[in-house]
Participant: 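Right, I'll just put the structure down here and ask away after.
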Amino acid sequence: MEKMSRVTTALGSSSITGRTMFCHLDAPANAISVCRDAAQVVVAGRNIFKIYALEEEQFVEKLNLRVGRKPSLNFSCADVMWHQMEENLLATAATNGAVVTWNLGKPSRNKQDQLFTEHKRTVNKVCFHPTEAYMLLSGSQDGFMKCFDLRKKESVSTFSGQSESVRDVQFSMKDYFTFAASFENGNVQLWDIRRPDRYERMFTAHTGPVFCCDWHPDDRGWLATGGRDKMVKVWDMTTNRAKEIYCVQTIASVARVKWRPEKKFHLATCSMMVDHNIYVWDIRRPFIPFATFEEHKDVTTGIVWRHQHDPHYLLSGSKDSTLYQHMFKDATRPVDKANPEGLCFGLMGDLAFAVNESLVSSDAGRKPYPGGDRRYPFFSFKKPNPTEQFAHVSSALSVFETDLDSSRMDWFVKTAQLYLLSGKPFTELCDHNATVAQELKRPQVRRVRTKIIIRITGTANLNVSAFSFSMKEMGPESRLERCKGESRPDNVHLEPGNSHISNNNEDNEETEGSDGPTEYMFGDAELDDDDLYPMEHDNQTVPEEPVYTLPPEAFQLRHEIIDNPSAPEHLQQDKADSPHVSGNEAEVACLTPIESFSLISISQPLYSPHLHASFFCPIVREMLSHYAERGDVQMAVSVLIVLGERIRKEIDDLTQEHWYMSYIDLLQRFELWNVSNEVIKLSTCSAITCLNQTSTTLHINCSNCKRPMSNKGWICDRCRQCASACAVCHHVVKGLFVWCQGCSHGGHLEHIMNWLKNNSHCPAGCGHLCEYT
Amino acid sequence: MMEMQHQESLGRWDGLSSRDASSRAEAMEFICQEVMRKVEAIEPKKAATPALGSSPNSDLNDILVHLLMLSRRCPFEDVRGRCTQLLRDIQDLGIRIPRPLGSGPSRFIPEKEILQVSKVDASTQAIFEDAFAALHRLDNISLVMSFHPQYLGSFLRTQHYLLQMDGPLPLHYRHYICIMAAARHQCSYLVNLHVNDFLQVGGNTKWLNGLNEAPQKLQQLGEINKILAHRPWLLTKEHIERLLKTEEHSWSLAELIHAVVLLTHYHSLSSFTFGCGIMPEINCDGGHTFRPPSVSQYCVCDIANGNGHANHHDDLLGNQEMCGEVEELMERMKQLQECRDDEEASQEEMATRFEREKTESMLVVTSEDEECVPSRDISRHFEDTSYGYQDFSRRGEQVPTFRAQDYSWEDHGFSLVNRLYPDVGQMLDEKFQMAYNLTYNTMATHKDVDTSMLRRAIWNYIHCMFGIRYDDYDYGEINQLLDRSFKIYIKTMVCSPEKTTKRMYESFWRQFQHSEKVHVNLLLMEARMQAELLYALRAITRYMT
């Protein structure tokens, strides 16, 4: 029987012709259905129930089934289905809960055949059995599915969905007895028509209602479902558990889904809200629709393929009161408009970028990359699949390799680890950090040390600070390096009359007089380069100055500028050449404007010796911002932490927070958890400190039964054994527990260390070769 | 507006809502010192001029009132204890301390019936603590709703999200919109609450002088506020267009959705507030007094909500009279259940039943008591005070019936809201379902009753009043199940809540528990909100297409 029909329809399909066309209906449509020979279509809605003939050039109204004096609610259709075997048989689902069948063969004007009013709520869906002439299935809002034998006056069996509203019911194409039902709570159930007592299988397909489902016409096991969660999922039902094999994300809730005939991987969807288009998807390419029909002006409510073996004609009805026939060849192909691009970072910071060749060639003015970039020929290993109608794109692949030496971030890691941020007096911290920076020989050529010389003169309590601006000429451009002076108000009172000389490093000497305005100079041996123009400050007395006693200290700020031509210049080039490398922008942007600065030396009495410490804050602030902008948040944050209260007020909280966040983020990327934690702890921003207060959860699994340990004790409540026993001493480990990630045995840190000094195998005797590093 | 001074002192109150006992204790300690300092400061002055209301004094009074509130409403035992103690200490110093006016959160429900903050089960306690942490208060609405903790959780979550979490509108706008919505129904309780919140989030005091002092943008919202509150069926896509298309002060779609959800939420919450006779918060105007209790000052509310004795007798009498009410109702439900299948009403019959119910709902007279004049204080938040509920389909001005099957919350509304204001769709959906499906299978003293039919009748009756029709519902059922006094109550509460009286509350379903009446209120509130929301969302959908 089935074969026969296949033969006849296959013959028939060759005779289908037509074009994209539409006709106006009088009212919004809710559902449409075609008859088997694809010559007629029925449109049903709240105020419409008509049959149209599909002719070559147009739709022709054949029959209006809404007859009678008063329009009855039985005509208010939520769904309609034309029997695929019997040409004269139709069924409708009414919003008032009635299921009506219609016999077109009736001689009278009223074609209504049978009326079933067994459902208490709106019937959402009716479905004829694909091969059985008299079997009709309905699914309703009241949570029941009913199976009707059209030869009888009432339903033969009722299937209960446990008071969850049924949105769709579909007989399987291949299994005679099976049907699928989708529910408002997101479940899909499979039923055997012979067993109304309970479902065969149930699974949760979507979050929120599942509006529709459709069996694959050829593949026995595939069921497509669409839901309010904007997804279409394809399930393989042949296995024990329904397995999701494909998933398509759409942009609006999915109201209908229909497999495309003769195309195994294609399906059509339309939406219930907001989006009026009909999409045809290739489920293997879920990101971009294969074809789009954009004719409707309001939501599409019904879609159906005109003939069950012809993939080229799609019919659709809509709330905008039109009925369309879409020709597949007239569909919009979004793929044509898309520019396929791919971008990926490699492990070592390389960047691969693939783009449609046509786009690359148009960009002919590009410079070749000096060293980093190589263009690889693109090979497609994928054999063109004839069933896939996707345009093959040949693309150009560019790989940007980063210069290993220049881009290594080792210095970052090391400095991060070695910088001391707290725990020692202020000066020591500064010294220490300066040394660290020095030792690491970061790729800077030169480091400018800034000294703050604070001197206390006997009676006047003068506070002097010195500034040095040093300029350095370098290559084609000279850079301005700002040096900072820093002084700090400290409450440590020092004996008057003391004059302190502070040396930051051995080669930095300073001498000063003990009173009044003094001139002093300092040299910086680190500035081994030629141009150093110290600026000297004259001390002047400022009468209003409150009596301030400052500790004679030198504060030393390390100031590194990446000077290595290879690093920034390389980046610069990258930047100029490739619009796709970003991230160093700030740095580059900062470097470029520093053009040839003439070397200036200023020697001028600038600042009064009495300057309040806060006077320098703006300069420090500027310095920090400068660093931060240049991308060296490490510097900014470290200084911020070390200076603590002294500078905090100067910088607004948001900026500080921003710096902290960036630095912490960087630290975490380098997996410097301890350092980042320390920074969080030491930070003074409340927004940052609270990062540490977010709850930390440790999930522990029992080492014996591998199940999660629920309670907090040492005993697993499932296997009643002590978890985390030491493999060496067999006692419970409370404290540091070390274990092998290979065999997951372990124990007290000390025990394991001792054990592995002499043995190479696991102490538990599992035979694993453990390694302790 | 007395809470304005509280602003600067808010920092320390916040500490009390911490979950950590020690930080609560710390905050409490700080407050104690502060209060004592203030008390000592006025001490000498007081001796000279014992008059109340001098400025440092009123500042102190605010604090005292806040303490009083905490002593009653804070979900944390320790804070309650300390506050009570502190108040007592202060009283011993000879300072007048306030006491709550009336008792309990509701005028209609005796305090003893409502859950005490001190005696709740763990899950409710958790909900209370959450609410307290978020808002630093536990309002009377929450207390009354705690009859139904499941729902309360969902309700507070939604409200918190709407008011405090990420959203398209700035915080002070949100509160202002709440004020606008509540003012439409002259709900001074909600207005007061949100005026405080509005000021707390830094709102401009000027705006409170009236809508015409608020930004143009909010003024434009006035129109749909008015329509939504009273005749939502008149909302068209032109209204939406006007809001979205005016160049400078225009709304974005996402903002509009947010505003609409807030408006509808607060319209229906006003209904609930009146329907349950929610009392002013202890720390708001009218919630407390500094006068010592005396016989002549004995608060009317105390008597009215059953804390006095007079009422008892009345109740008993009523019970005897209406003894058969519940049974009768159950009998009818049973009959409907059984004969449903036998008797087949014709389609025309069904249609006329809906029309009849609709017109009949018009005949239900809402106000039988004195005309309620909106106080000036509140009416300034909205314009056009005369605009009120008008019966749907009145005098021939035919508005087409809204077919629930053509635009439903589940299929259409949800997607629209969730698209423009993520997560809110989900929360509202959960809340609607919770309200619609909530049941304990009890009716008054009877157990194991399937109340779904009754709940559906109430829900659909409210939608019917707003002109929303379900094709698959037989509106004859409503007539069978809802008696006249109940209909009066529903109609009043939904359409002009400010006219709800205690008598109405008492005269329907006399034998039912208070918790069941609150349950009914929840149903009414959610059904109303959904109806308004459906009209608003449909207009927006039409605008978009």
Participant: Do A:Phe211 and B:Glu410 have side-chain heavy atoms sitting under 4.5 Å apart?
Facilitator: no
Participant: Mark yes or no for whether A:Arg121, through its side chain, and B:Tyr473, through its backbone, hold a donor-acceptor pair below 3.5 Å.
Facilitator: no
Participant: Working to the nearest 0.5 angstrom, can you tell me the gap between B:Arg403 CZ and A:Ser76 OG?
Facilitator: 6.5 Å
Participant: Which answer fits B:Gln433, side chain, backbone, both or neither, if we ask what part of it has an atom under 4.5 Å from a heavy atom of chain A?
Facilitator: neither
Participant: Just give me the residue among A:Met272, A:Glu184, A:His276 that pairs up with chain B most often, heavy atom to heavy atom, under 4.5 Å.
Facilitator: A:Met272
Participant: Tell me, yes or no, whether the heavy-atom count around B:Glu26 atom CD, taken from other residues, nucleotides or ligands under 6.0 Å, exceeds 12.
Facilitator: no
Participant: When rounded to the nearest 0.5 angstrom, what is the spacing between CG in B:Asn418 and NZ in A:Lys230?
Facilitator: 6.5 Å
Participant: Find the distance between OG (B:Ser415) and CG (A:Asp275) and round it off to the nearest 0.5 Å.
Facilitator: 11.5 Å
Participant: Taking CG in B:Asn437 as the centre, count heavy atoms belonging to other residues, nucleotides or ligands within less than 6.0 Å. Is the count above 12?
Facilitator: yes
Participant: Report the C-alpha distance between B:Asp411 and A:Arg167 in whole Å, list the side-chain angles of each, state the deciding distance to 0.1 Å, and finish with yes or no for salt bridge (Lys or Arg N to Asp or Glu O under 4.0 Å).
Facilitator: CA-CA 11 Å; B:Asp411 295 2; A:Arg167 297 311 295 244; 2.5 Å; yes
Participant: Heavy-atom count check: over 12 atoms from other residues, nucleotides or ligands less than 6.0 Å from B:Glu238 CD?
Facilitator: yes
Participant: At their closest point, which heavy atom of A:Met273 faces which heavy atom of B:Leu416, and how far apart are they?
Facilitator: CE-CB, 3.6 Å
Participant: Kindly give the heavy-atom pair with the smallest separation between A:Thr122 and B:Asp472, and that separation in Å.
Facilitator: N-OD2, 2.6 Å
Participant: Assess whether a salt bridge exists between B:Asp429 and A:Arg228, defined as any Lys/Arg side-chain N lying under 4.0 Å from an Asp/Glu carboxylate O.
Facilitator: yes
Participant: What part of A:Ala252 is in contact with chain B, defined as an atom under 4.5 angstrom from a non-hydrogen atom: side chain, backbone, both or neither?
Facilitator: both
Participant: Which region of A:Thr95, side chain (C-beta onward) or backbone (N, CA, C, O), has a non-hydrogen atom less than 4.5 Å from a non-hydrogen atom of chain B, or is it both or neither?
Facilitator: both
Participant: Counting only heavy atoms closer than 4.5 Å, note whether A:His119 contacts chain B via side chain, backbone, both or neither.
Facilitator: neither
